[in-house]
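Below is one structure, written out as structure tokens, with a few remarks after it.
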Amino acid sequence: MVITSASVIKSYQKSLRMEKIKSRIKAARDLLGITQAELCEAAGVPLITLRRIEGKPDHAGLVSPETVERVCKALESRGIQFLDSGQVSAGPGVALKGK
């Protein structure tokens with residue numbers, strides 16, 4: 001089962017582990033080979049907002065979960081799949097092996 005952006009946000013709201021979501025968003029953007037500006041246009045968010053999402057952990061409270069969800073949905077619309085531990089992709093890709 002592939003995680004949807006809504007479940008990514010729900011996980012964030014429950015555990016407040018914004019750092020994992022932020023690193024996944026940046027990795028997804030890098031995997032697609034798109035710039036921050038291109039993702040911002042697709043998600044309908046200002047560039048400073050994406051920089052806060054991908055930036056320092058102390059910026060976590062400056063971005064709403066709904067905004068993070070919009071960014072995730074924009075990535076998913078381009079083929080990104082956000083996976084949880086133990087899940088497999090529906091196509092070729094890369095994943096970080098658990099420790």
Side-chain angles (χ1 to χ4, degrees):
M1 178 174 128
V2 174
I3 294 182
T4 64
S5 56
S7 62
V8 170
I9 299 308
K10 187 175 182 180
S11 173
Y12 159 66
Q13 290 171 330
K14 286 184 178 181
S15 67
L16 297 178
R17 289 191 281 175
M18 181 68 155
E19 199 56 38
K20 281 189 176 183
I21 293 170
K22 288 178 2 179
S23 64
R24 290 177 183 179
I25 287 172
K26 184 175 183 336
R29 185 176 60 75
D30 289 343
L31 185 62
L32 290 172
I34 61 174
T35 65
Q36 286 181 324
E38 290 170 318
L39 179 53
C40 289
E41 184 176 331
V45 301
L47 182 57
I48 188 66
T49 300
L50 183 59
R51 288 183 176 159
R52 287 176 175 154
I53 292 170
E54 292 185 355
K56 298 178 182 176
D58 59 346
H59 289 163
L62 300 175
V63 180
S64 72
E66 293 79 17
T67 300
V68 176
E69 182 175 9
R70 285 174 41 199
V71 172
C72 289
K73 284 184 178 182
L75 291 165
E76 289 173 339
S77 74
R78 292 180 176 226
I80 292 296
Q81 299 172 11
F82 291 95
L83 305 174
D84 200 3
S85 179
Q87 293 182 315
V88 296
S89 71
V94 297
L96 180 63
K97 182 177 178 181
K99 295 180 181 180

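Computed from a predicted structure; not experimentally measured.
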message = For the CD1 atom of Ile25 and the CG atom of Leu39, what is their distance to the nearest 0.5 Å?
response =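 If I round to the nearest 0.5 Å, the distance is 8.0 Å.
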
request  = Run the numbers on Lys73 and Glu69 for salt bridge (Lys or Arg N to Asp or Glu O under 4.0 Å), then give the verdict.
outcome  = CA-CA 6 Å; Lys73 284 184 178 182; Glu69 182 175 9; 3.5 Å; yes

message = Within the structure provided, determine whether Arg24 and Leu75 are in side-chain contact (heavy-atom separation under 4.5 Å).
response =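 They are not in side-chain contact.
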
ask   = Which pairs count as side chain to side chain donor-acceptor pair (under 3.5 Å) when at least one residue sits in residues 37-50, sequence neighbours excluded?
value =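 Every pair satisfying side chain to side chain donor-acceptor pair (under 3.5 Å) with a residue in residues 37-50: Thr35-Glu38.
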
Ile48: partners by side-chain contact (heavy atoms from CB on, under 4.5 Å), with sequence neighbours left out =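 Counting only residues at least two positions away or on another chain, Ile48 forms a side-chain contact (heavy atoms from CB on, under 4.5 Å) with Pro46, Arg52.
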
request  = List in chain and number order the residues that pass side-chain contact (heavy atoms from CB on, under 4.5 Å) with Gln36, two or more places apart in sequence or in another chain; answer none if no residue qualifies.
outcome  =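 Per chain and number, Gln36 pairs via side-chain contact (heavy atoms from CB on, under 4.5 Å) with Arg29, Leu47, Leu50, Arg51, Glu54.
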
